[in-house]
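For reference, the structure is listed below as structure tokens.
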Amino acid sequence: MTAGNALVLLGPAGQAVAPAANRVTIQDNGIDLHGAIITDEDSCAVGRTVLVMKQVGSRGGRDDVRFATDTGEFSVGYWSVRARRAEGRFYAEVKATPRCAGDTSRTIRVTR
């Protein structure tokens with residue numbers, strides 16, 4: 001493996017640092033889909049992009065559709081998107097970054 005194939009973060013004393021763990025949640029309140037990015041690292045929540053995906057076939061299949069995006073706010077990474085008329089199965093996703101692990105929420109079924 002060459003140096004260009006892997007990104008390793010180094011902490012104090014040159015030790016490798018693992019990306020910070022986090023968890024993304026999703027809920028429906030009848031008007032919005034909303035949730036939070038839960039992590040001990042504020043930088044992994046605040047300003048982080050959340051993808052809200054509409055599940056079409058099996059979960060994670062290439063046929064899932066990006067429904068909306070939002071950005072985590074406040075220290076808990078709260079996010080919210082309008083979904084007044086949306087129906088179907090939805091999940092939230094945050095992509096991994098060099099400092100933060102990625103995660104995918106559970107799938108919820110929304111009926112109006």
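These numbers come from a predicted model, not from an experiment. By convention here, the first residue in the shown sequence is residue 1.
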Residues, nucleotides or ligands: over 12 heavy atoms within 6.0 Å of R89 CZ
yes
Evaluate N22 against E41 for side chain to side chain contact (heavy atoms under 4.5 Å, CB included), listing each step before the verdict.
CA-CA 8 Å; N22 51 211; E41 282 291 323; over 6 Å; no
Applying side chain to side chain donor-acceptor pair (under 3.5 Å), name anything that partners Y91, two or more places apart in sequence or on another chain.
D64
The side chain to side chain donor-acceptor pair (under 3.5 Å) partners of Q27 (sequence neighbours excluded) come to H34
Let me have the donor-acceptor pairs involving side chains of residues 100-107, under 3.5 Å, with sequence neighbours excluded, atom names and distances please.
residue, atom, partner, partner atom, Å
D103, OD2, V24, N, 2.8
S105, OG, A92, N, 2.8
S105, OG, A92, O, 3.4
T107, OG1, Q55, OE1, 3.1
T107, OG1, R59, NH1, 2.6

Which atom names give the shortest non-hydrogen contact between [X] and [Y], and what distance separates them?
X: W79; Y: I26; answer: CH2-CG1, 3.8 Å
X: P19; Y: T97; answer: CB-O, 4.5 Å
X: I31; Y: N29; answer: N-OD1, 2.9 Å
X: D63; Y: S58; answer: OD1-O, 4.4 Å

Within the distance-only criterion (no hydrogens, no angle test), does the side chain of T71 pair as donor or acceptor with the backbone N or O of T49 below 3.5 angstrom?
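It does not hold such a pair.
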Compile the donor-acceptor pairs under 3.5 Å between side chains in residues 81-88 and protein atoms, sequence neighbours left out, one pair per line.
residue, atom, partner, partner atom, Å
R82, NH1, D32, OD1, 3.4
E87, OE2, R112, N, 2.9

Remaining members of the apolar cluster that contains V76, side-chain heavy atoms under 4.5 Å:
F74, Y78
Starting from V56, walk the hydrophobic network (Ile, Leu, Val, Met, Phe, Trp, Tyr; side-chain heavy atoms closer than 4.5 Å) and list everyone else you reach, by chain and number.
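Taking Ile, Leu, Val, Met, Phe, Trp and Tyr as members, V56 shares its hydrophobic cluster with V65.
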Could you tell me whether the side chain of D70 reaches within less than 4.5 Å of the side chain of V52, counting heavy atoms only?
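The answer is no, as the side chains (C-beta and beyond) never meet within the 4.5 Å cut-off.
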How far apart are the C-alpha atoms of F90 and D28, what are their side-chain angles, what is the distance that settles it, and do they pass the side chain to side chain contact (heavy atoms under 4.5 Å, CB included) test?
CA-CA 10 Å; F90 295 89; D28 173 44; over 6 Å; no
Look at the side-chain heavy atoms of Ile, Leu, Val, Met, Phe, Trp and Tyr, link any pair under 4.5 Å apart, and say whether V94 and I108 land in one connected group.
yes
Rounded to the nearest 0.5 Å, what's the gap from CD1 on I37 to CD on E73? Could you check?
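It comes to 10.5 Å.
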